[in-house]
Structures are given as C-alpha cells and as structure tokens.
Amino acid sequence: MLDLKFVRSNPEAVREGMRKKRVEVPLDELLELDEKRRSELFEVEQLKNERNQNSKEVAERKKAGLDASDLIERTRQISKEIKERDEEIARLDQRIQEILLAIPNIPDASVPEGDDDQDNVEVSKWGEPTQFDFEPLAHWDLGVNLDILDFERAVKISKSRFVVDKGLGARLERALINFMLDLHTSEHGYTEVFPPVLVNGDSMTGTGQLPKFAEDMFKCEGYDLYLAPTAEVPVTNLHRDEILDPDQLPIYYCAYTPCFRAEAGAAGRDTRGLIRVHQFNKVELVKFVRPETSFDELEKLVADAEKVLQLLELPYRKVLICTGDMGFSNAKQYDLEVWMPSYGRYVEISSCSNFTDYQARRANIRFRPEPGAKPEFVHTLNGSGLAVGRTAAAVIENYQQADGTIRVPKVLQKYMGTDVIKLDRQGQLIGI
RNA sequence: GGAGGGGUGGCUGAGUGGUCGAAAGCGCUCGCCUCGAAAGCGAGUAGGUGGGUAGUCCCCGCCUCGUGGGUUCGAAUCCCACCCUCUCCGCCA
C-alpha cells in the first residue's frame with residue numbers, strides 16, 4: 001500500500017497516479033477520515049495521559065497510606081470515555097485501511113500512459129515469427145494427436161480448463177521446470193525455494209491479492225487458506241514482518257510451484273489448450289533489494305527471464321506495459337510475449353514487475369541501512385521465469401514438423417532423453 | 001485428536017498487580033587505552049504512532065511483552081477465546 005503520510009502530503013501526486021492507472025479511489029474521503037482520526041487520536045491520548053498520571057498518583061497515595069477513592073472514581077469515568085473514543089478511532093482506522101488497501105501503486109514516471117494493451121510499447125524483439133512450409137497445427141491438436149495432452153479426461157476428473165500431461169508431455173513439463181531452475185540457480189544467482197502453495201489471508205494481503213481480488217482465486221472451505229495464484233505470494237511473504245540485515249541484500253529467490261487461478265472474468269476466452277487453465281506450473285523469480293537499485297534490478301530480472309526463451313530458441317518480444325494495463329501493485333512492468341503460431345500473434349509468457357515499496361509496506365518487510373539506523377522498507381520485484389504450461393505450448397507449436405512430430409529444443413534434449421516427440425507405428429510414444 | 005509445559009527486545013533469559021518498554025548476560029555502535037589489535041574500562045543500543053516543527057536531528061505524549069477480548073484507578077503479571085511451539089500418547093504419507 002501507499003504510505004498514508006505520503007498520501008497526506010502529496011494528494012495530487014496520488015490523484016495523478018490513479019488517473020494514469022485508470023482507477024477511481026475515494027481519496028477525498030480518505031484525507032477527511034485521516035484528518036478526523038488524528039484529531040480524535042490527539043484528544044484520546046490526552047485522556048490516556050491523564051489516566052496514567054492518576055494511576056501513578058493512586059499508587060503513591062496508597063503507599064503513603066492516604067485515601068485515593070475520589071481519584072479512583074474520577075479516573076473510572078475517564079477510562080470509560082477512553083474506551084468509547086477508542087472504539088470510534090478503531091472504526092475510522094478500519095475504514096482508512098480499507099481505502100488504503102484498495103489504492104494501487106503509483107506508476108513510475110518511465111511508464112507510458114495508456115488505457116489498455118493497445119497502448120503497450122514494444123521495446124525489443126528477438127527472432128522472427130516461425131515460418132512453416134505446411135499448415136501448422138495448434139498445440140491442443142498436436143498434443144492430443146501425440147497423446148501427450150489429454151483435455152477430455154481432465155474435465156472428467158476436475159472440470160474444464162484443466163489438463164493431464166502424459167508420457168513425453170509430462171516429461172516435457174518436468175524438463176522445462178528443471179531446465180529453468182537449473183539456469184536461474186547456477187547462472188543467474190537465485191536461491192531455489194520450494195514453498196507451500198496453500199497460503200493464508202495475511203500472505204495474500206501482503207502481496208496485494210487480497211482484499212480486492214478475492215474472486216480470482218480458490219479458497220479452502222473452512223480454512224483461512226487459499227491456493228496460491230503464483231509463487232510470488234509465498235516467496236515474497238517469506239520475509240514478512242522481518243527486518244533484514246543489509247548485508248543480505250539483494251536477495252534472489254526462484255521457485256517452482258503449481259499456480260491456481262479461478263479465471264472468473266475470462267469466460268469464453270482462450271477456451272482451448274494450455275493458455276488459460278485453472279492449474280499451471282510456473283518458475284517464479286523474486287527479489288528483495290535496496291530501494292535505489294530496484295529499477296536496475298528489474299532490467300536484470302527481465303534479462304534473466306529472456307534468457308530462458310533465447311536458450312529455447314523461441315521467438316519473443318519484450319513489451320513495456322502502459323499505466324492502464326499494468327498490475328495493481330506494480331510501479332513498472334514488462335511482459336515477455338512468445339510467438340504462438342495458433343494465435344498468429346505474440347502471447348504473454350512472463351510478467352516482470354517492480355513493486356517498489358508497495359508490497360514491502362503491506363507485508364512489513366524492512367532492512368536497516370546502517371547499524372542503529374531506522375529500518376526502511378525494501379523494494380520487491382518478481383517475474384515469471386517462465387510460465388511452464390505456456391512455454392510447453394510454445395515449444396510444441398514452434399517446433400512442430402510436417403509429419404506431426406515435434407523436435408526437442410537443444411537445451412531440453414538431455415532432460416527429455418530424446419530429440420523428437422513422435423508416435424511409433426503402433427501408436428506408442430517412442431524415444432523415451 | 002488427547003494430556004501437560006511454554007510464547008518477553010537482534011539472541012539467551014529474569015520479571016506473578018503499580019516506580020517495568022522491561023534486570024542480567026551475549027551481540028552490535030561509539031569513546032578511552034594501544035604503534036595497531038585483543039583484553040579491560042565507560043557510554044549507547046526495540047518497533048510503531050500523534051503532536052511540538054517544513055523536516056529522517058531533537059523534545060513531549062500514546063500504543064506494543066504471541067493475537068483478540070475481559071477484570072481493575074492501574075495488566076508482561078489475573079480471567080476467557082484463538083494462534084503458534086515443545087514433550088508424551090494416539091493416528092498417519
């Protein structure tokens with residue numbers, strides 16, 4: 001969330017940020033409530049001071065063997081009033097928090113202003129869209145033909161928007177996960193973590209999913225536990241309510257987890273294939289850094305994610321997301337989009353963001369710049385490195401051959417144990 | 001799931017109704033000492049928040065001893081609920 005003190009002293013900057021992000025927030029109400037809360041607080045604190053002084057005097061009188069009953073009676077009344085006014089302040093606090101939690105992060109000045117994805121800016125492009133001298137198939141057809149993806153049975157055991165990976169399809173998924181983790185841990189300096197994927201409400205609030213986006217995720221009935229929509233949630237919350245040692249910074253984590261999304265508002269969109277499913281795998285990159293370095297760290301993080309696509313030799317482009325299209329908690333966001341032949345366009349495969357101190361304030365993650373200095377909020381960043389299901393789809397489609405088989409990218413061959421995915425004459429997968 | 005013990009500052013740990021945001025030790029910071037270092041000596045060292053101020057220095061107040069309620073003039077201390085943790089028993093991949 002934003003710093004209330006910042007909002008108080010820079011309301012116009014906040015208003016401008018909200019306008020750029022194309023959201024409406026009750027800023028005037030917030031400022032009014034804040035003003036009211038502070039004056040109430042001042043008054044009740046004076047009463048508390050009086051109560052505390054009186055209590056001390058009671059102790060002194062009793063010690064001296066004097067009567068204190070008049071003072072006790074008076075203080076009893078003060079305590080009663082304190083209780084009532086504390087309740088009023090608690091109500092104000094609650095409403096202030098509610099509004100504050102619903103205010104998104106302010107976009108960085110370097111972010112282009114725009115309404116939606118039409119206004120995003122292509123920053124760079126790697127490779128060219130794959131050319132075929134035959135009619136290419138979509139991954140949902142190729143995968144079913146090769147018996148490596150099974151959508152029908154997934155519907156039976158769960159519902160629509162689920163998939164079963166089978167044979168070399170399952171192995172491709174596992175190969176991609178291992179390849180990505182190996183790359184980020186051994187080449188890019190990330191520490192691997194394997195966190196819980198059931199996370200509590202505090203964690204969801206810490207990274208900004210709650211309270212505003214409750215309908216986007218799955219909740220466990222009867223528990224304060226949610227299926228994490230991304231490893232960003234458990235991994236960022238690793239350091240919730242901590243004061244980090246500055247020598248630790250920057251901290252780089254990468255994590256493979258399954259991710260779960262309700263896709264409530266996406267009915268009818270991307271209904272086929274692996275692009276939009278309720279459960280998918282992802283390797284996530286998360287950073288905790290000193291504030292002054294966070295925008296440089298974002299560039300490095302994006303480069304780390306790009307490296308995956310380059311090594312897989314998949315054509316992609318890098319897009320700077322405009323103010324109206326970026327995420328709720330982000331100050332700056334790049335998306336990587338991979339060429340997807342079935343869509344005839346580039347499709348998002350990674351989203352990399354600098355959250356500045358927005359998540360750190362919500363999750364109370366700080367560091368002490370110098371011994372004895374006041375703690376400051378760190379900056380947090382994260383990005384997909386990459387979404388595994390969509391990567392598998394991109395591999396299947398971009399590496400398909402005229403005979404319906406799929407070449408295996410060079411870097412995956414040692415993980416796959418084969419250089420091609422195909423069926424033998426009996427319709428069995430071969431090459432394992 | 002059952003029985004019992006316990007959650008105090010960066011760490012260890014004392015504190016069972018008032019003078020306790022909290023002894024002592026460790027750690028850390030600064031100073032003295034030293035050619036330098038160690039040892040020793042001295043001082044300092046929780047977080048949040050409101051106000052004095054335009055201010056991260058300073059001054060005053062308020063809140064916080066797992067969390068939330070309650071009793072009381074007054075709660076780290078007493079009562080209730082919940083969370084976490086340790087030991088034993090049961091169950092279990």
Side-chain angles (χ1 to χ4, degrees), chain A residues 1-13 30-97 100-101 194 196-206 220 222-226 234 237-249 251 290-292 357 360-379:
Chain A
M1 64 185 131
L2 300 181
D3 181 5
L4 182 54
K5 277 184 251 177
F6 174 83
V7 178
R8 186 186 298 151
S9 44
N10 304 277
E12 289 320 308
L30 177 68
L31 294 169
E32 229 169 87
L33 289 167
D34 173 52
E35 186 69 38
K36 190 167 179 208
R37 188 193 76 102
R38 279 182 298 143
S39 72
E40 295 264 339
L41 194 60
F42 183 75
E43 287 173 21
V44 79
E45 282 183 359
Q46 285 186 321
L47 287 173
K48 285 180 179 176
N49 183 238
E50 192 180 345
R51 179 197 62 194
N52 293 346
Q53 296 303 323
N54 287 359
S55 290
K56 265 181 206 161
E57 200 185 327
V58 169
E60 278 164 24
R61 283 202 207 172
K62 287 200 166 177
K63 205 170 168 186
L66 299 169
D67 177 62
S69 51
D70 60 322
L71 196 54
I72 287 173
E73 182 51 39
R74 230 180 328 129
T75 308
R76 196 199 310 268
Q77 293 308 318
I78 293 172
S79 288
K80 214 177 133 193
E81 192 180 341
I82 287 172
K83 198 179 166 186
E84 285 163 10
R85 304 189 65 153
D86 267 346
E87 280 166 10
E88 169 64 16
I89 290 170
R91 275 193 292 276
L92 290 169
D93 265 335
Q94 202 183 348
R95 179 63 187 143
I96 287 169
Q97 283 304 309
L100 220 42
L101 286 172
F194 192 49
V197 292
L198 242 45
V199 298
N200 60 32
D202 284 344
S203 295
M204 284 292 218
T205 304
C220 298
Y223 295 88
D224 176 34
L225 288 172
Y226 301 80
N237 279 282
L238 230 37
H239 293 299
R240 175 152 48 87
D241 294 322
E242 291 185 16
I243 298 175
L244 300 167
D245 186 331
D247 300 340
Q248 289 176 266
L249 300 176
I251 296 172
R290 284 178 170 264
E292 63 274 16
D357 60 358
R361 184 171 291 104
R362 287 172 85 112
N364 194 28
I365 307 167
R366 295 173 292 175
F367 76 108
R368 205 181 293 281
E370 304 292 334
K374 283 280 176 199
E376 280 180 39
F377 291 111
V378 299
H379 281 193

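Residue numbers begin at 1 in each chain, while the letters A, B, ... track the order of the sequences.
Remark: P of B:G18 and CD of A:Glu60 are 14 Å apart, rounded to the nearest angstrom. Rounded to an integer number of Å, the gap from CD1 of A:Ile243 to P of B:C28 is 18 Å. In this structure, NZ of A:Lys56 is placed 11 Å from C1' of B:G74, rounded to the nearest angstrom. Here the P atom of nucleotide B:G10 and the CG atom of A:Asp241 are 12 Å apart, to the nearest Å. Straight-line distance from the NZ atom of A:Lys62 to the P atom of B:U72: 13 Å, rounded to whole Å. Protein atom CG of A:Leu100 is 12 Å distant from nucleotide atom P of B:U49, rounded to whole Å. As a whole-Å value, the separation of A:Gln53 CD from B:C60 C1' is 12 Å. With rounding to whole Å, A:Glu40 atom CD is found 15 Å from B:C62 atom C1'.
Residue contacts for A:Ser79: at a heavy-atom cut-off of 4.0 Å it reaches the sugar-phosphate backbone alone, with no base atom in range. Among the protein residues, A:Asn54 comes within range of no part of the nucleic acid, since none of its heavy atoms lies under 4.0 Å from any strand. Nucleic acid contact for A:Lys83: sugar-phosphate only, since backbone atoms but no base atoms lie under 4.0 Å from a heavy atom of the residue. Contact annotation for A:Arg8: backbone-only contact, meaning every heavy-atom pair under 4.0 Å involves sugar-phosphate atoms and none involves a base.
Closest to the side chain of A:Ser55, from the set B:C63, B:C73, B:G50, is B:C73. Distances from the side chain of A:Val58 to the nucleotides B:G18, B:G51, B:C62 place B:G18 closest. Among the nucleotides B:C63, B:C73, B:G61, the one closest to the side chain of A:Glu45 is B:G61. When the nucleotides B:G47, B:C73, B:G51 are ranked by their closest atom to the side chain of A:Arg51, B:C73 comes out on top. Among the nucleotides B:G47, B:G50, B:G18, the one closest to the side chain of A:Arg366 is B:G47. When the nucleotides B:G47, B:C73, B:G50 are ranked by their closest atom to the side chain of A:Leu41, B:G50 comes out on top.
By the neighbour-count criterion of 12 heavy atoms within 6.0 Å, atom CD of A:Gln94 is sparsely surrounded, having that number or fewer from other residues, nucleotides or ligands.
Base pairing of B:C58: its partner is B:G52, meeting the Watson-Crick or G-U wobble criterion (both donor-acceptor distances under 3.5 Å). When Watson-Crick and G-U wobble pairs are counted only if both distances are under 3.5 Å, B:A3 pairs with B:U87. Applying the Watson-Crick and G-U wobble criteria (two distances, each under 3.5 Å), B:U45 pairs with B:G27. When both distances must be under 3.5 Å, the Watson-Crick or G-U wobble mate of B:C78 is B:G70. The pairing partner recorded for B:A14 is none, the criterion being a Watson-Crick or G-U wobble arrangement whose two distances lie under 3.5 angstrom. With a 3.5 Å ceiling on both atom-pair distances, B:G36 lacks any Watson-Crick or G-U wobble partner.
When each of A:Glu87 and A:Gln46 is assigned the nucleotide of RNA chain B with its nearest heavy atom, A:Gln46 is the one assigned upstream, toward the 5' end. The residue among A:Ala59 and A:Leu4 whose nearest nucleotide of RNA chain B is located toward the 5' end is A:Ala59.
Rounded to the nearest 0.5 Å, atoms CG (A:Leu244) and CZ (A:Arg290) are 11.0 Å apart.
Proximity of A:Asn49 to the phosphate of B:G61: no side-chain N or O atom is located under 4.0 Å from OP1 or OP2. Of the side-chain N and O atoms in A:Asn52, one or more sit less than 4.0 angstrom from OP1 or OP2 of B:C62. Look at A:Arg76 and you won't find any side-chain N or O under 4.0 angstrom from OP1 or OP2 of B:G74. An OP1 or OP2 oxygen of B:G48 is reached within less than 4.0 angstrom by a side-chain nitrogen or oxygen of A:Lys374.
Looking at A:Arg362, its side chain does come within 3.5 Å of a backbone N or O of A:Leu101 through a donor-acceptor pair. Using modelled atom types, no side-chain atom of A:Arg85 and backbone atom of A:Glu40 make a donor-acceptor pair closer than 3.5 Å. Under a 3.5 Å cut-off, the side chain of A:Arg61 and the backbone N or O of A:Asp67 do form a donor-acceptor pair.
A distance of about 11 Å separates the C1' atoms of B:U34 and B:A39, rounded to the whole Å. Taking atom P on both B:C88 and B:U77, the two are 30 Å apart, rounded to the nearest angstrom. Nucleotides B:A14 and B:G21 have their C1' atoms positioned 15 Å apart, rounded to a whole Å. Comparing the C1' positions of B:C83 and B:C92 gives a spacing of 24 Å, expressed to the nearest Å. Comparing B:G13 with B:G17, their C1' atoms are spaced 22 Å from each other, to the whole Å. Look at the P atom in both B:U85 and B:C26: the space between them is 32 Å, to the nearest Å. With C1' as the reference atom, B:G18 and B:G74 are 6 Å apart, rounded to whole Å. Separation of the C1' atoms belonging to B:C33 and B:C41 is 8 Å when rounded to the nearest angstrom.
Side-chain atoms of A:Asn52 and A:Ser55 include no donor-acceptor pair closer than 3.5 Å.
Checked against A:Asp86 for a salt bridge (charged side-chain N to carboxylate O under 4.0 Å, His left out), the options A:Arg51, A:Lys80, A:Lys48 give a single hit: A:Lys48.
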(message) A:Asp224 vs A:Asn200, test: side-chain hydrogen bond (donor to acceptor under 3.5 Å, both in side chains). Steps then yes/no.
(response) CA-CA 5 Å; A:Asp224 176 34; A:Asn200 60 32; 5.3 Å; no
